[in-house]
Amino acid sequence: MDTIITRFPPSPTGTLHIGGARTALFNWLYAKKTNGKFILRIEDTDTARSTKESVDAILESLKWLGIDWDEGPYFQTERYDIYNEYIEKLVESGAAYYCSCTPDEVNVMREEAKARGLKPMYNGKCRQKNLKKSDNTVVRLKTPDSGVTIVKDIVKGDTAFQNSEMDDFIIQRSDGSAMYNLAVVIDDITMGINTIIRGDDHLINTPKQMLIYKALGADLPVFGHVPMVLGSDKSRLSKRHGAMSVGEYEKMGFLPDAMINYLVRLGWSHGDQEFFEKNDLIEKFDLEHLGRSASMFDTDKLVSLNSKHIQNKSPEELADPLLFHLKNIGINARNDAFTQGVIETLQPRSKTLVDMAQGAVFYYQDTVQFDEKAAKKFLKPDILPVLQKSVDYIEGLENYTQEELETVFKQIMDETDLKFGKIAQPLRVAITGTTVSPGIFEMLLALGKEKTILRIKRAIHFISESGLFQDNA
RNA sequence: GUCCCCAUCGUCUAGCCCGGUCCAGGACACCGGCCUUUCACGCCGGCGACAGGGGUUCGAAUCCCCUUGGGGACGCCA
């Protein structure tokens, strides 16, 4: 079997959005799975809307997702000579011709066609004129008047298009630049692309492109048109549905692997399996199980998958991504043993890295801020003996381990005749300032002996002070 | 207007190609419960769908037709 060569051809008119990322992913996965090649090509022929910033943003998002490419990025604007070469060939062979009709004239033709209950179309006026190239001529492809063009699509099945429904579309503008449908086909042919997975909004372009392949005598690639990703109201995904670019999801604290997992499951399935690591996907991905119907983007499911991926990673893997989000909230931490210990305590209770960063704040503060309600309820004089004993016993520990800590608190429970629940909450407030945190022991362990003692002492001080204040009042 | 695509729980989907094993399975969300030092995790249970109508057949979520609904495309955009 020939090497599978796929591609992803974004137009740099914005950031990489969800839908684009998914198509890129499908192509990338298929190439990886088959040991094929994945080519990146920038379709920037719309010079009015294309920007360098967009190119950079798209490349960056792709890298973040871990989608790498074997060739490229190629830029269509650097390939005009190649396109023109082929356009000339097409004109010479009679498959295409020059047309001097103005846009206004063509609009009239479209109106006429519509009036007759047809699709708005150019009527082929210049077809037989045998015009030469001049300043305001475009090149049009001569499309058949009858017959059908059948798109063999691996996800949609066979779809027949009446050739009479297609007009002689423009392949080269009057300024000499190539149009989308032509540039795509020439690129795909010259780059050896043999598998094209793209959004089904392109299905309608496919018969046109097939005509170009045919006129050039080139082999057809395998087509697969995947359904689009819709917003929560089933309309095309757009800004009003919330975040739609990959970069925004990074900022919201999602892991690239979770993103990939979610995206691939949106329109592809492997039985009942929901959770996939990247390698797993490469092994299991196939074209046979791509779905045929459009799907809605659901953030809840992404969140759920994200928390599973967070749980499934090692603290070490999570550290750098977390550091990024810690920095965003003003905490400069390092990827060290302390941070990894912190992460371990936070993994099961963080849905996103933003959650995790927020949950980690207390670990990095020199003096924790006591939540008013929490302090009022739990940091009261009657707990003083417990806190004092905690300090004394922990200070006396030879080994600061979970086992030893458990012994310490068992002893305190015995001596004070209090249940653990009565001890844990005040302690939690002393350590974190709030009533919600990781489990006591794992937290104390992650914090370290020194800081633990310091914080309990500070709580003792806090209680004594406020007690004094109350007495005076 | 014309053409094309699509149609299973609220959502993502399995099953459909090769009809019976499906009074339709899993996941997310939601609701209960268990676990428990808080919050979570985890576990158990509940709610909840074959768009409608006709065929074909002993038998249809699965095959055919129509209707309805949704999406997309009709550019000297990509």
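Predicted model, so just to flag it, every value in this text is computed and none were measured. Here is how names work: the chains are called A, B, and so on, in the same order as the sequence lines, proteins then strands, and each is numbered from 1.
- Summarising the local packing, CG of A/Asp135 is surrounded by 12 or fewer heavy atoms from other residues, nucleotides or ligands at distances under 6.0 Å.
- Between A/Tyr262 and A/Phe297, the angle of the ring planes goes over 60°, which puts this pair in the perpendicular group of the 30/60° scheme.
- Nucleic acid contact for A/Asp167: none, since no nucleic acid atom lies under 4.0 Å from a heavy atom of the residue.
- Using a 4.0 Å heavy-atom criterion, one finds that A/Glu274 contacts the bases of the nucleic acid, with or without backbone contacts as well.
- When heavy atoms are screened at a 4.0 angstrom cut-off, A/Leu266 is found touching the sugar-phosphate backbone but no base atom.
- Heavy atoms of A/Ser174 sit under 4.0 angstrom from at least one base atom.
- The residue A/Met121 sits apart from the nucleic acid: no heavy atom pair falls under 4.0 Å.
- If A/Lys301 and A/Leu118 are placed on RNA chain B by their nearest nucleotide, the residue sitting closer to the 5' end is A/Leu118.
- For B/C35 and B/C44, the P atoms lie 15 Å apart once the distance is rounded to whole Å.
- Nucleic acid contact for A/Pro9: none, since no nucleic acid atom lies under 4.0 Å from a heavy atom of the residue.
- B/U2 and B/A73 make up a base pair, with Watson-Crick or G-U wobble contacts both under 3.5 Å.
- Using the Watson-Crick or G-U wobble rule with both distances under 3.5 Å, B/C22 pairs with nothing in any strand shown.
- Note on A/Phe161: only backbone sugar-phosphate atoms sit closer than 4.0 angstrom, heavy atoms only; bases stay farther off.
- B/C58 and B/C17 are spaced 23 Å apart, taking the C1' atom of each and rounding to whole Å.
- Residue A/Lys422 is out of contact with every strand shown, counting any heavy-atom pair closer than 4.0 Å.
- Sparse packing is recorded around NZ of A/Lys214, with 12 or fewer heavy atoms of other residues, nucleotides or ligands lying under 6.0 Å away.
- Backbone-only engagement by A/Lys308 is indicated by non-hydrogen atom pairs under 4.0 Å involving sugar-phosphate atoms exclusively.
- Taking a 6.0 Å sphere around NZ of A/Lys133, one finds it holds more than 12 heavy atoms contributed by other residues, nucleotides or ligands.
- If you check every strand for non-hydrogen atoms under 4.0 Å, A/Thr45 touches sugar and phosphate atoms only.
- Ring geometry for A/His225 against A/Phe223 counts as parallel: the plane angle stays under 30°, on a 0 to 90° scale with 60° as the upper cut.
- With a cutoff of under 4.0 Å to any heavy atom of chain A, the contacted region of RNA chain B is bounded 5' to 3' by B/G1 to B/A78.
- Two residues, A/Ile204 and A/Asn181, neighbour RNA chain B, and the one matched to the more 5' nucleotide by heavy-atom proximity is A/Ile204.
- Both tests pass for A/Lys208 against the ring of A/Phe169: distance under 6.0 Å to the centre and angle within 45° of the axis.
- The aromatic rings of A/Phe409 and A/Phe420 stand perpendicular to each other, their planes meeting at an angle above 60°, with 30° marking the opposite boundary.
- Figure legend. B/A40 is base-paired to no nucleotide; pairs are counted as Watson-Crick or G-U wobble with both atom distances under 3.5 Å.
- Using a 4.0 Å heavy-atom cutoff across all strands shown, A/Arg110 reaches sugar-phosphate atoms only and no base atom.
- B/C41: glycosidic angle within 90° of 0, hence syn.
- As judged by a 4.0 angstrom heavy-atom cut-off over every strand, A/Ser293 is placed among residues touching the sugar-phosphate backbone only.
- For A/Glu316, the CD atom sits in a loose shell: 12 or fewer heavy atoms of surrounding residues, nucleotides or ligands are nearer than 6.0 Å.
- Nucleotide B/C35 forms no Watson-Crick or G-U wobble pair with any nucleotide shown, as no partner meets the under 3.5 Å limit on both distances.
- Among the protein residues, A/Gly117 comes within range of the sugar-phosphate backbone only, with heavy atoms under 4.0 Å from sugar or phosphate atoms but none that close to a base.
- B/U68: Watson-Crick or G-U partner is B/A7, with both key distances under 3.5 Å.
- Among the atoms of the strands shown, base atoms are found under 4.0 Å from some heavy atom of A/His202.
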